[in-house]
Student: 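One structure is given below, represented as C-alpha cells, and several questions about it will come after.
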4 protein chains.
Amino acid sequence: MRVGVLTGGGDCAGLNAVIRAVTKSLIHHGPAEVWGIEDGFEGLIEGRGRPLGWEAVSGIIATGGTILGTSNRGSPLASEQAMSRALEHARTWRLDAIVAIGGDGTMSIAHAMAAHGLAFVGVPKTIDNDIEGCERSFGFDTAVSIVTEALERVQTTGQSHGRVMIVETMGRYAGWIALEAGVAAAADVILLPEIEYDVEAVAEVCRQREGRQRYTVICVAEGARARGAGYTVERRVAGADDPIRLGGIAHVLREQLQPLLDSEVRSTVLGHVQRGGSPTPFDRVLATQYGHHAAQLVLQGAFGRMVTLQQGRIASIPIEDVAGRNRRVPADHPLLVCAREIGVCLGEGAGPG
Amino acid sequence: MRVGVLTGGGDCAGLNAVIRAVTKSLIHHGPAEVWGIEDGFEGLIEGRGRPLGWEAVSGIIATGGTILGTSNRGSPLASEQAMSRALEHARTWRLDAIVAIGGDGTMSIAHAMAAHGLAFVGVPKTIDNDIEGCERSFGFDTAVSIVTEALERVQTTGQSHGRVMIVETMGRYAGWIALEAGVAAAADVILLPEIEYDVEAVAEVCRQREGRQRYTVICVAEGARARGAGYTVERRVAGADDPIRLGGIAHVLREQLQPLLDSEVRSTVLGHVQRGGSPTPFDRVLATQYGHHAAQLVLQGAFGRMVTLQQGRIASIPIEDVAGRNRRVPADHPLLVCAREIGVCLGEGAGPG
Amino acid sequence: MRVGVLTGGGDCAGLNAVIRAVTKSLIHHGPAEVWGIEDGFEGLIEGRGRPLGWEAVSGIIATGGTILGTSNRGSPLASEQAMSRALEHARTWRLDAIVAIGGDGTMSIAHAMAAHGLAFVGVPKTIDNDIEGCERSFGFDTAVSIVTEALERVQTTGQSHGRVMIVETMGRYAGWIALEAGVAAAADVILLPEIEYDVEAVAEVCRQREGRQRYTVICVAEGARARGAGYTVERRVAGADDPIRLGGIAHVLREQLQPLLDSEVRSTVLGHVQRGGSPTPFDRVLATQYGHHAAQLVLQGAFGRMVTLQQGRIASIPIEDVAGRNRRVPADHPLLVCAREIGVCLGEGAGPG
Amino acid sequence: MRVGVLTGGGDCAGLNAVIRAVTKSLIHHGPAEVWGIEDGFEGLIEGRGRPLGWEAVSGIIATGGTILGTSNRGSPLASEQAMSRALEHARTWRLDAIVAIGGDGTMSIAHAMAAHGLAFVGVPKTIDNDIEGCERSFGFDTAVSIVTEALERVQTTGQSHGRVMIVETMGRYAGWIALEAGVAAAADVILLPEIEYDVEAVAEVCRQREGRQRYTVICVAEGARARGAGYTVERRVAGADDPIRLGGIAHVLREQLQPLLDSEVRSTVLGHVQRGGSPTPFDRVLATQYGHHAAQLVLQGAFGRMVTLQQGRIASIPIEDVAGRNRRVPADHPLLVCAREIGVCLGEGAGPG
C-alpha cells in the first residue's frame, strides 16, 4: 500500500506534526509506504514528490511550516489538462490514496478528484478555525498565543502613554482568533467580522477609560466592518493613474476613532507572524491526533472523509459537507456571551444592528 | 446579593482568571457584591476576607497563583468547632453563596457544608487534569507547556552527549500531563501511573536508540511504578537512627536503567515550576469561561453544582458526583492509542501485565 | 533628602526596573525620600507627582512600560512659562535632585534646566540603542528578542511557500536592532540606515536562493534607504484632494523587489510590539544597575552626569556630551564585519556607494 | 587549508552558532575546508570526523546542543597512546589547525597538544560564565533566562501559599547564574559559592517577610555552603551497607531553614534544563562573533590563543593564561554591591565571616 501526503493553501503551525503522525502511523502499522507530494496540488500536477520514511519525519513535530512545501497556485480544477496530469502522476506513483491537509479549497479539489477515482482523506487546516464541522483546528492555538502576547505588549505602551492601541489579527470571515486572544489578553474592545461595529460605541469605551485607566486596547479581526456607510481608503502610487484600495481595518478604525478622542490612537497589523513558528504543545497534540486518525481512515478504507473535532473528540465527516462553507462565530456562542458579560465591548451600538 | 469566592488546595495557573470572571460577571449582572475569602477554607474558619471590586480583579488574568491565597490546612470538616466557626463567618459576612474553586478535597468540603445550609457552586481546579467528569481543567495546558519545553531542553543535551534523559512530571494518580507533554515533545518513552512499566522494555528502547539516534528522552509521571517487585530507596540523615524512604520515580528509574545500558542516564525532577507562572492563553480563556459559568449558576440559584467541560462544552454536574473520585487515563484513550501507534514506548512489556 | 524620578519619551522595556532600583537604592541608603513625577516633564510642569515607597516599586521589575507614565508632550523648553512652572513644582516638592530617565530629548531638557539650578542625573533610554556614549541600553535586548522571534516565524512561512519575506524593525537613524536580530535569526539580508542598499544586489541574493533554499528573509530597519533616486509612495483618502506620502520601507522594498523576482514578496511591519512587554532578564539586570548607579551619583552629588555602559562597565559621562547626538553603526563595527563575512548580504552593491 | 572543529565538555546553548560561524567564515574567506571532529577529543583519538560544508551548518543557529556531539570522556592526556592516536588522526585528516570549543579542561588539552606541534585556537564554553579572562560566555544568558523564569514561576506558588521557595541553580564554583537570575527575578535571597551564608541571617529575612509579603524566594547556587560546621546528608540504598553522601544544597538549606520558620519551605533543583534548548538572541550573536573571531585567528595564524570578551569587546588571550583557573564573583563586583544595596540578602551574617 502506498499513500500520498500533501499540504495545500497557506501554511500554519502544526502541519509538520500532521505529516509526521500520518507517516509514522502508516509505517508503524505495517506494509504501508508514504509518498510526500511537494507544494500541494501543484506538485501532484507537475510530478514532484519523494518517499517519506521514519527518519524524514523525525524531529519535525516542533517546527513551523511544512517540510513538503505548499502553494496557493496550481489546481487540478483549473483545466482538463491539469486534472489529467494530476491523475496520471497519482497512477505513476502508484498511490492508493492521498491524505490532503488543507482548507476549504483543498477539500473542494479532493472532492472533485474523488469523482475521478482517486481516494482521499482530508485533514482540516485553517488558522482562522473556520472550517465547517470542526470545533478546533491546529495552528489556531498558536495564532491565539502570538496575538495574545502582542496585545499584552502594546498594552504596556498604551498604559504608559495613555493611548488607544489597536491590534489587527487574522480572520477575514470569522473572528475566532480575535475573540479568543482578546479574551485571553483582557482586551477592552473586540471587533469581529460577525458583528458590525458602531464607531461611537467604541469611542465611548475609550473616552470612559481615558479618565481612569488612561488607555484602551482594541483587538480587531481583519474582516471586521463598521456599521452603516462603507468606508474606503485608497492609495495612489506615484506615476500610477488610478488609486488603489487600501486594506487594513486597523488603519481605518484608527482614522475613525482619532477625531473622536483626546488620546492618541495607534495601530499595529500583526500579519504573517501569526502563521509561522513552532506550534504550541496543544497544537502539536491536536495535529498529531489528526494525522494519526487520518492514517486510521486510510487503513480502514474510509475514503472521502475529513478528520474533525466534534464534541471534544476526534471524529470524521464527509468531505463534501465541508466544501464551500465557513464556520463563523454564532451570535449566541458561549465565549461571545461570556466576553460581553465580563464587560468587553463587542462594538455593539445601542440601536438596532 | 453577596457571593463569597475562595480558592482551595494547591495553586494552579488560571485561578486569578476564574476569580476575575466570577467577580466581573456578578458585578456586571447587577446588584451582586463579591467577597473574597482568604486562604481557602482556612480564611472562612478564621474570618479573614475582603470585598472584591471591579478594580481589584482588573489586570490579574495573566498572573499566576491566586490573589486570595490558598491553603492545604484548615478544613471545616476537621472538627465541629471548625465547622461552626466557618458557618458563623458565612452568616456574619451575609454570604448568599460561595464559589469554591478547588479540587477533590474542596468539593468534598463544599458538599458537606451544603448539608448545613450553605449554598455552593464549585469550579474544578486540578493541575493533573484528573477531576471526575471534567474533560479539561485550567492550569493543565500551562503545565503541559512547561513540561514540553523542559523535555525539549534536555533532549538537546541527550543528543549532544548520547545520554538517556529522564524528566519527572506531576501526576500522582493520573498521567495526563506526562502523556500530553510527552507526545508534544516527541518523547521516546512515556510512563504513566495507569500502566505499570516493564524495566526491560524501556531499556530495550534505549539500547536500540543508542546505535542510531544516540539518545533517549523519557517522560515519567511521578506516580508511575515498575511492574513486579516493589522498589525502595532509603536515605539516612546523619545522626538519625532510621533511614527515610526516598521518593522520586525519576531517581528510581535511573537506578533501574543505568546497569542495563552503556549510555549515561540522567534525571531531572521538574517540581514546583509546573504550577506557577502566567497561564497560557488557552487556560485563561477556559478559566474565564469557568468563572463566568459559575456566576451564571449562582444567579440561577443552581447550587450544589460544579462547572465542568463535557463533550467540548461548558456545563455543570452535581458536586456530589465528583467528590472522592479520580479521572485516570483509560486504557483505550485515543491519545494513548495514538502515542503507541506512532511508535512511543509506554513501558509495556511483552508478557502479561 | 528628596529625589524626584521621571520617565520621558517613548516607553521601553526596563523602565520600571530602573525606577525600582533608583527608589530602593535611595531608601536603602538612608534618609532619602523618592518622589515619582508623572508623565515625564509634563507632570513636572503640571504638578502631578506622588511619593514612591518600597512597596510601590516592589513586584514591578518584570512589568513593561512605566508605572510613572510618560509623554512626548510637555517640555519646559517650550516656553518661559513652562520652565518657570516646572522649576516651581520642583521647589514646592522640595526636590534636591531629579533622576531623568529618557533619550536624547530628555537629556537636552535636563541639561537646560540644570542651568536654572535644578540638579539632574540622567539614565539613557533608547530602544534603538543609539544614545551617544552608551554601549548598550536597556530595552534593546528585549526588542532584539521580539524581532528575532518574528523573523523566525516568517521564515517558516517563507520556506513553506517559497517566498521572500521582509520584516521591518525599529531604527530610524541607527540599525542596531535590525543588525543584532538579523544575525540572531540568520536573516539572509540585513538593511540598515547606515548603508544605502542596492536594490539589484538584494534581488540577486533572492534569485540565487530561489533555486536552492526557495526563500529569503530580509530584515530591514525603518530608516533604511535605497541608493540612488528617491522613492515615494503616496496614498489618497477618498474625498481628499491631495495624496498623502506613505511611509514604510517594508512596503517600498516589496514594490522594488517584486518586479525583479519570480517568488512572491511579502512584508510585515512589527511596530509597537517591539517596545512593550516584560523585559528580558538581561535588560532587567542592566536597568537595575543603571538605576542603582544613578542613585549612587545622586548620593555622591555627582550631578549633570548620565549613567552609561562603557567598555562593558557601568560608568557615567556628562549629560552635555550626549545631547543632540546619535550613535550609529560604524562602517567597521565588528558585528557588521562578522555578518558580512558569514555571508549576510548588507545591501551593498558592486559599484561605488 | 583544512581546519578541524570540536566541542568538548558539557553541552551549552550556542555551541551550534559557534560551529556555524567558524565554518561559514572560513568557507567565505576562501580556499579553506572545515572538518568536524565528533564527540570532542574522543573523536580525535578514535578517528571519527566528517567534512562540514555550508549546507551542513545552515539552519542550526537556533538549535541547542552541538551537531558534532561532545563527550566528557576521552582525553589525549590520559595516556601516551591516546595522545599519539589523536596526533595521528590530525595528520591523516591533514588538519592545519583545530578550533577547540570548550571549558577549562578543553583548553588544558589544547595547550598540551600544541606542544606536540598541533595548532589550536580556543573558544571558551562555560555555562557558569567562570572562565578566567572572559567577561561573558555564550550559553550563560540562556541559562539565566531559564532560571529567571523558574524563579518567577515558583514565586507565584510561594505567594499563594505563604511559603519559602528555594530554587537551586548551576554554579559549583562561581555564582554568576544565581546572581544574575536572582537579580532579574527579584529573588529575596541569593546565595553564592563565593559567600558562605549564615543560616540565621537567611531565616531572619524569611521571618520578616512572613508577616507582610507572606513568602520568600531564595536563589541558591549549587556550590553555596553555610558558614560554620560542615553539613552532611547521607542516604542509604536498601541492601547497601554504607550510606551515600547526598548532594543538593537546596535540600540541605531546606532542612536548615524549616525548623526556624512557621512557613513551609519547598525546594526545586533545576538541573539539566538550564543547559539545553534554543539559545537566546544575545547568546546567538555572542557565539557567532566568537566563532567568526576564532576563524580570523586561524586565518592570521594566531595560534595558541583563546577568543574572549574583554571590556565589552571581542578579543583573544593566550590559552595558557586560562587553563586551571576559575573566574569567581569578586567581593566588590558591581552587581553584587548593587544587589545588596537594593535590599537583597546575600546570606551575610552580622558577625565576622
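All chains are named by letter (A, B, ...) in the order of the sequence lines, taking the proteins before the strands, and each is independently numbered beginning at 1.
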Student: Do the side chains of Arg214(B) and Asp39(D) get nearer than 4.5 Å, heavy atoms only?
Tutor: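 They are in side-chain contact.
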Student: Does any non-hydrogen side-chain atom of His161(B) lie less than 4.5 Å from one of Arg275(D)?
Tutor: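 They are not in side-chain contact.
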Student: Using a 3.5 Å distance criterion without hydrogens, assess whether the side chain of Thr66(D) forms a donor-acceptor pair with backbone atoms of Ser160(B).
Tutor: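 Side chain of Thr66(D) to backbone of Ser160(B), a donor-acceptor pair under 3.5 Å: no, none is there.
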Student: Under 3.5 Å, is there a donor-acceptor pair between the side chain of Thr156(B) and the main chain of Gly277(D)?
Tutor: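 Present.
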Student: Counting only non-hydrogen atoms closer than 4.5 Å, does Ser278(D) touch chain B with its backbone (N, CA, C, O), its side chain (CB onward), both, or neither?
Tutor: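 The backbone, not the side chain.
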Student: Sort Leu270(D) into side chain, backbone, both or neither according to what part of it lies under 4.5 angstrom from a heavy atom of chain B.
Tutor: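 Both backbone and side chain.
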Student: What part of Ser267(D) lies closer than 4.5 angstrom to a heavy atom of chain B: side chain, backbone, both or neither?
Tutor: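 Just its backbone gets close to chain B.
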Student: For the candidates Glu149(D), Gln274(D), Arg266(D), Arg73(D), which exhibits the highest count of non-hydrogen atom pairs separated by less than 4.5 Å from chain B?
Tutor: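 With the most close heavy-atom pairs to chain B, the winner is Arg266(D).
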Student: Given heavy-atom pairs under 4.5 angstrom as the criterion, report whether the side chain, backbone, both or neither of Gln155(D) touches chain B.
Tutor: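 Contact with chain B involves no heavy atom of Gln155(D) at all.
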Student: Under a 4.5 Å cut-off applied to non-hydrogen side-chain atoms, are Val273(B) and Val167(D) in contact?
Tutor: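 A side-chain contact under 4.5 Å is absent here.
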Student: Can you list the steps and then say if Asp11(B) with Arg163(D) is a salt bridge (charged side-chain N to carboxylate O under 4.0 Å, His left out)?
Tutor: CA-CA 12 Å; Asp11(B) 74 317; Arg163(D) 285 182 187 152; 5.5 Å; no
Student: For chain D, find which of Gly276(B), Ser71(B), Gly162(B) contributes the most heavy-atom pairs closer than 4.5 angstrom.
Tutor: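 Among Gly276(B), Ser71(B), Gly162(B), the one with the most close pairs to chain D is Gly276(B).
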Student: Could you tell me which portion of Thr70(D) (side chain, backbone, both or neither) has an atom closer than 4.5 angstrom to a non-hydrogen atom of chain B?
Tutor: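 Thr70(D) touches chain B through backbone and side-chain heavy atoms alike.
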Student: Crowded around Arg50(B) CZ? As in, over 12 foreign heavy atoms under 6.0 Å?
Tutor: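 Check passes, neighbour count above 12.
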